[in-house]
*Asks:* 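One structure coming up, written as structure tokens, with questions to follow.
Below, chains carry the letters A, B, ... as their sequence lines are ordered, and counting in each starts from 1.
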Amino acid sequence: MSLKKYQELALGGNIERGGTAAEFKTGDWRSLKPVYQAENCIHCLFCWAYCPDSAVHVTDGKMAGFDLDHCKGCGICAHECPGKKGAKAIVMEPEVK
Amino acid sequence: MMAGITKIDMAKTGNEAMAYAMKQINPDVVAAYPITPATEIVQIFAQYVADGEVDTEYVPVESEHSAMSACIGSSAAGARTMTGTSSQGLALMYEMCYIAAGLRLPIVMSDVNRALSAPINIHCDHSDTMGMRDAGWIHIFSENPQEAYDNMLQAVRIAEHEKVRLPVLVTTDGFIISHGMERVATLPDDEVTKFIGPFQPGTKLLDVARPITVGALNFTDFYFEHRRALVDAQAAAVPVIKAVGREFGQKYGTAYDCIEPYQLADAEYAIVALGSTCGTAKVVIDQLRATGVKAGMLKVRVFRPFPASEIAAALRGKKAVAVLDRSDVLGGFGGPVFTEVRSALYQQAGAPVLADYIYGLGGREIDMEMIGSVFAQLQDGTAKPDSVQYLGVRD
């Protein structure tokens with residue numbers, strides 16, 4: 001990809017449109033990743049509410065997996081997950097084994 | 001002067017002149033914190049606000065760091081923004097001053113030049129603004145209250161010019177100008193309004209129809225390019241400063257430029273100086289001229305962007321030149337003006353002997369006799385090339 005020359009940049013380094021944070025991948029230094037266990041999910045969406053980023057996908061009001069380009073692996077979702085009958089719907093696994 | 005414009009003479013100190021200019025500019029926002037000897041500027045302006053004479057939103061902040069922070073937010077929102085400070089207050093702003101320039105926000109700030117601690121001192125030298133000479137701001141020095149007034153009006157035009165969009169610092173010498181009362185020829189309010197024109201912000205955070213991000217993080221792939229763009233903005237300011245100064249002269253009778261030569265064209269011996277000292281030096285030069293000495297002066301009005309090529313051209317052919325620096329670069333090679341002037345002259349064949357005189361720190365008096373002694377040393381050869389001397393210190 002060829003990057004813009006200095007003469008082509010917006011004034012003062014401004015970003016001249018909204019919603020660009022999604023384009024900046026911030027999940028590449030994660031050491032733990034959340035793994036979704038669908039059979040244990042009650043779709044309470046605690047994971048979505050507690051995620052400090054916006055790394056939980058929700059479709060039609062139901063948990064639909066993770067955005068691993070932005071998840072930092074903090075594990076809050078797994079901690080808050082009530083699961084079903086004592087079994088978590090989110091478990092944290094190491095990225096490197 | 002253009003027909004139909006009648007200037008109004010007023011007796012004003014430098015601080016009063018700058019506050020009056022701010023009143024006529026009628027900025028959208030002023031955020032400021034008081035500090036000697038600049039307190040009066042924002043104090044008088046606050047009175048204008050309280051009396052309903054301006055439309056300005058005045059933000060009384062808890063520190064200068066907050067003042068500049070508020071100015072940055074205000075300017076980025078799209079409001080015409082001004083502030084004022086001095087010395088330690090400016091030093092407390094330094095961090096935010098770099099950000100104001102990097103974000104290309106056309107804030108106009110008055111600074112009353114005052115020494116930096118320690119020892120604590122409230123009087124004039126140029127250490128405070130020289131401390132932010134690499135911050136990306138335009139620096140305009142004033143010789144007297146009249147110039148302080150005129151410079152404030154021009155600063156708005158320069159800062160907001162679409163090819164510049166940089167913050168501008170207008171300075172006066174602490175107490176010497178700030179508290180010295182002189183006749184100041186002012187313009188009618190409506191003429192100032194016409195001269196500065198409506199504000200056309202380049203950055204408008206509050207334009208909800210066009211959302212933007214200001215102050216985004218730059219990594220190794222973009223920071224360098226954004227800093228490089230600042231270099232071009234400084235360069236682009238030179239023709240704008242000249243054009244605005246020329247227009248001011250055509251309309252109101254006194255033209256301004258980046259430098260002001262005084263008896264310099266045929267001078268053999270010259271000094272380079274900034275601020276109020278130039279007024280004293282003009283009298284000395286007149287006296288020397290009367291005795292047949294070809295003395296002259298190069299007044300540096302605009303220190304940033306530094307007019308290097310103009311200064312080199314103006315000093316070409318002089319026998320000896322003394323730079324008068326009202327601040328020092330501790331551990332460096334001479335004062336800030338000297339190092340820049342010497343750099344500007346370096347490639348010039350037959351460049352004049354150049355000596356540096358650090359003077360007036362902490363408000364130490366600079367009188368006609370002292371400036372005369374500098375000219376005497378230039379003539380008798382005791383001003384050695386590249387020497388750095390301390391004028392008026394007990395040793």
*Asks:* Identify whether the distance between the nearest side-chain nitrogen and carboxylate oxygen of A/K84 and A/E39 falls below 4.0 Å.
*Replies:*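 The answer is no: the pair does not qualify as a salt bridge.
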*Asks:* Using non-hydrogen atoms only, which part of A/A10 is less than 4.5 Å away from chain B: side chain, backbone, both, or neither?
*Replies:*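 For A/A10, the backbone is the part near chain B, not the side chain.
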*Asks:* For this output row, return yes or no: ring centroids of B/F224 and A/Y6 closer than 6.0 angstrom.
*Replies:*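 They do not qualify: ring centres at least 6.0 Å apart.
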*Asks:* Is B/R210 close to chain A through its backbone or its side chain, or both, or neither, when contacts mean heavy atoms under 4.5 Å?
*Replies:*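 Answer is neither: B/R210 stays 4.5 Å or more from chain A.
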*Asks:* Can you see whether B/N218 engages B/H226 through a side-chain donor-acceptor pair at a distance of less than 3.5 angstrom?
*Replies:*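 Per modelled atom types, B/N218 and B/H226 side chains form a pair under 3.5 Å.
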*Asks:* Taking every non-hydrogen pair under 4.5 Å, which of B/D232, B/T213, B/I212, B/L230 racks up the most with chain A?
*Replies:*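 Going by pairs under 4.5 Å, I would pick B/T213.
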*Asks:* Would you kindly say whether B/T171 and B/N113 are connected by a side-chain donor-acceptor distance under 3.5 Å?
*Replies:*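 Side-chain D/A pair, B/T171 to B/N113: present.
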*Asks:* Considering only heavy atoms, which portion of B/D221 lies under 4.5 Å from any heavy atom of chain A: side chain, backbone, both, or neither?
*Replies:*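 Its backbone and side chain both get close to chain A.
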